[in-house]
Amino acid sequence: MSALDSLQRRTNRSRVLGALRQHGAMSRGALAGSGLSRSTVQSVVEELLGAGTVVEVEAPRATRGTGRPPVLVGLNGSLGATVGLEIGNGFVRGAVCTLAQELLLHDEITVDEDTTPADTLELINELIDSMLARTGFRRDRVVGVGIAMPGPIQRRTGLIGRACTLKPWVGVNARALAGDVLGLPVLADNDANLAAIAEMTWGAARGKRDFAYVYAATGIGAGFVLDGALYVGANGTAGEIGHTTIDENGLVCECGGRGCLNTLANPHAILRQLSQSHRDLPSIVEVIRLANDGDAGCRRVLADAGRHIGVAMANMYNLLDPEVIVLGGNLAAAGGTLLRPLCESMARRAIHAGEAVPPVIAGELDEHVVVVVGGAAAVLRDAVNFPLPETTI
Ligand SMILES: [Zn+2]
């Protein structure tokens, strides 16, 4: 075989493996749709099957027609794993997925908000060891670790920005520090960005090429997927919807701005608005529970929060024109009490070419796992920085 032929074969193999890493198991026909001829796909798949890199699997039930179920080709899940981590306010979550996009387990530990990054990473090391022991994967089978942080990460320097709600991590290069302590390849990204990737891989945005994911947690952030790829902006701060101005004369935000969405509609702001009427409310979960039981004050503040989020979403929609907006995080659990005023507020301000009101849909993944599994999915999708474990080819 000539050097040119060998290079072409490697390129074709990378394209097939890249498509499987992005989309999960696919039919040979769909793989051919990615620009390779059917005969090339057939030859590459045969080679990868022989090496054990891919396996044949039956199509999931939902996509079956009345005839014979199509046979799909997917990465061999037993070859290796990806690890997702979410470093949050008071907790760290971890998840282990196979290369076949299968979630094996997720776990959570309590970590005090004041804990230093180095000490947090030592606890994470123990969490990873414990999770891997339960899944049967050795550490050298981990393709990479995707870490979610509750704040923006500077694209050029990798440093965590000052808007991060976890203060000991501000100014820290999470990727570099975690790489040193864990001894594994690492990526670090904002929690909303990774949640967007999770919904694109397993949830409400599966198959969508242009969408926004709004993550309403401690702060409100958004992840943008434009033309099939995550858009983080020139500096890595794209999607900070929580810091868009809603009231120019409003309260000063921790970012230094005034009247940001976060000062009006994040869980802390909602609890503050109820501090006179409802003393000692422990969390937003309790506010949502009371609202569902008919408490007028709790319903009112959640509806107001929905209206404010709707204003910010309409501005975002008018700039980006996403196909759909997915809402996730703990505020999304308020359901129609928050969503109805949100959609009304947004529809009044959104520019749309047709008669369709821009759709806002709830995320499909549980709020406790959506971010952490997004870290694992992001590693799997990044073929450049996270090569697959060595096989026989
Ligand atoms: Zn702000």
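Both backbone and side-chain heavy atoms feed into the values below; hydrogens, waters and symmetry mates do not. Because the structure is predicted, anything quoted here is derived from the model rather than measured.
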Practice item. Show the numbers, then the answer: is there a side chain to side chain contact (heavy atoms under 4.5 Å, CB included) between M346 and I325? Key: CA-CA 11 Å; M346 186 176 155; I325 298 172; 3.4 Å; yes
Check your understanding: Which is it for N12 and T40 under the side-chain hydrogen bond (donor to acceptor under 3.5 Å, both in side chains) test, yes or no, and what are the steps along the way?
Key -> CA-CA 8 Å; N12 293 342; T40 301; 4.9 Å; no
Practice item. Please report the C-alpha distance between L290 and L281 in whole Å, then the side-chain angles of each, then the deciding distance to 0.1 Å, and finally whether the side chain to side chain contact (heavy atoms under 4.5 Å, CB included) criterion is met. Key: CA-CA 10 Å; L290 287 171; L281 277 176; 3.6 Å; yes
Review point. Does the pair L104 and C97 meet the rule for a side chain to side chain contact (heavy atoms under 4.5 Å, CB included), with working shown?
Key: CA-CA 5 Å; L104 292 179; C97 293; over 6 Å; no
Check your understanding: Between D382 and N385, does a side-chain hydrogen bond (donor to acceptor under 3.5 Å, both in side chains) hold up when you go through it step by step?
Key -> CA-CA 6 Å; D382 185 348; N385 294 306; 2.9 Å; yes
Exercise for review: Take H368 and R93 through the side chain to side chain contact (heavy atoms under 4.5 Å, CB included) test and state the conclusion after the steps.
Suggested key: CA-CA 8 Å; H368 298 103; R93 293 182 179 130; 3.3 Å; yes
Practice item. For the pair R349 and E344, evaluate salt bridge (charged side-chain N to carboxylate O under 4.0 Å, His left out) and give the outcome as yes or no after the intermediate values. Key: CA-CA 9 Å; R349 298 169 174 86; E344 284 166 12; over 6 Å; no
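I109 is not connected to F91 by any chain of hydrophobic side-chain contacts under 4.5 Å among Ile, Leu, Val, Met, Phe, Trp and Tyr, and they are in different clusters. The hydrophobic cluster containing V214 also contains I284, counting ILVMFWY residues as joined when their side-chain heavy atoms lie under 4.5 angstrom apart, directly or transitively. I87 and V369 are not part of a single hydrophobic cluster, where members link through side-chain heavy atoms under 4.5 Å apart. Residues Y215 and M149 are members of separate hydrophobic clusters, defined by side-chain heavy-atom contacts under 4.5 angstrom among Ile, Leu, Val, Met, Phe, Trp and Tyr. Cluster annotation: L388 and V142 are assigned to distinct hydrophobic clusters (Ile/Leu/Val/Met/Phe/Trp/Tyr, side-chain heavy-atom contacts under 4.5 Å, transitive).
The list of salt bridge (charged side-chain N to carboxylate O under 4.0 Å, His left out) pairs with a residue in residues 320-337, not counting sequence neighbours, is empty. Screening residues 280-296 for salt bridge (charged side-chain N to carboxylate O under 4.0 Å, His left out) gives E286-R289, R289-D293 as the qualifying pairs, with residues at least two apart or on separate chains. Applying the salt bridge (charged side-chain N to carboxylate O under 4.0 Å, His left out) rule to pairs touching residues 201-215 yields R209-D227, sequence neighbours excluded. Within the structure, salt bridge (charged side-chain N to carboxylate O under 4.0 Å, His left out) contacts touching residues 297-306 (residues at least two apart or in different chains) are R300-D304, D304-R307.
Here the side chain of N173 pairs a donor or acceptor atom with the backbone of T157 at under 3.5 angstrom. For the pair Q273 (side chain) and A269 (backbone), a donor-acceptor distance under 3.5 Å is present. When atom types are taken as modelled, the side chain of T115 and the backbone of V111 share no donor-acceptor pair closer than 3.5 angstrom. With hydrogens and angles ignored, the 3.5 Å screen pairs no side-chain donor or acceptor of Q101 with any backbone N or O of A25. For Q154 (side chain) and L159 (main-chain N/O), no donor-acceptor pair under 3.5 Å exists by modelled atom type. Between the side chain of T245 and the main chain of D247, no donor-acceptor pair closer than 3.5 Å is present. With hydrogens and angles ignored, the 3.5 Å screen pairs no side-chain donor or acceptor of N235 with any backbone N or O of T237. Looking at R141, its side chain does come within 3.5 Å of a backbone N or O of L79 through a donor-acceptor pair.
Looking at V45 and L48, their side chains never come closer than 4.5 Å, going by heavy atoms from C-beta outward. The shortest distance between side-chain heavy atoms of F224 and N193 does not fall below 4.5 Å.
Within 6.0 Å of the NE2 atom in H278, the count of heavy atoms belonging to other residues, nucleotides or ligands exceeds 12.
Rounding to the nearest 0.5 Å gives a distance of 8.0 Å between CD1 of I241 and CG of N315. Rounding to the nearest 0.5 angstrom, the gap separating the CG atom in L339 from the CG atom in L327 is 5.5 Å. Of the inter-residue distances, the one linking I124 atom CD1 with M131 atom CE reads 9.0 Å to the nearest 0.5 angstrom. The structure places CZ of R155 at 10.5 Å from CG of D189, a figure rounded to the nearest 0.5 Å. Residue M313 holds its CE atom at 10.0 Å from OG of S345, rounded to the nearest 0.5 Å. Atom CZ of R21 and atom OG1 of T82 lie 9.0 Å apart (nearest 0.5 Å).
Of all non-hydrogen atoms in L75 and A100, the two that sit nearest each other are O-CB, 3.6 Å. When all heavy atoms of P322 and A212 are compared, the pair lying nearest together is CB-N, 3.8 Å. Scanning all heavy atoms of the two residues, the minimum distance from L177 to A118 falls at CD2-N, 4.3 Å. Heavy-atom minimum distance, A334 versus N292: O-OD1, 4.4 Å. In this structure, N89 and T165 approach most closely via the heavy-atom pair ND2-O, 3.0 Å. Nearest heavy-atom pair, A217 versus N330, reported as atom, atom and distance to 0.1 Å: CA-OD1, 3.6 Å.
For S78, the side chain to side chain donor-acceptor pair (under 3.5 Å) partners at least two apart in sequence or on another chain are N76. Checked against side-chain contact (heavy atoms from CB on, under 4.5 Å), N262 has the following partners two or more places apart in sequence or in another chain: I220, H243, N266. Take T263 and apply the side-chain contact (heavy atoms from CB on, under 4.5 Å) test, not counting sequence neighbours, and it matches L251, C253, C260. Scanning for side chain to side chain donor-acceptor pair (under 3.5 Å) contacts around T337 gives an empty result, with sequence neighbours left out. For R340, there are no side chain to side chain donor-acceptor pair (under 3.5 Å) partners at least two apart in sequence or on another chain. Considering only residues two or more places apart in sequence or on other chains, D114 meets the salt bridge (Lys or Arg N to Asp or Glu O under 4.0 Å) condition with none of them. The side chain to side chain donor-acceptor pair (under 3.5 Å) check on E364 picks up nothing, with sequence neighbours excluded. Residues passing the side-chain contact (heavy atoms from CB on, under 4.5 Å) test with R381 are Q22, I197, M200, T201, sequence neighbours excluded.
By the 4.0 Å N-to-carboxylate-O rule, R139 lies close enough to D129 to be salt-bridged with it. Salt-bridge annotation for E254 and R162: absent, with no side-chain N of the basic residue lying under 4.0 Å from a carboxylate O of the acidic one. A salt bridge is defined here as a Lys NZ or Arg NE, NH1 or NH2 lying under 4.0 Å from an Asp or Glu carboxylate O, and E47 with R13 meets this definition.
In summary, the side chains of R134 and S130 do present a donor paired with an acceptor at a separation below 3.5 Å, with no hydrogens or angles considered.
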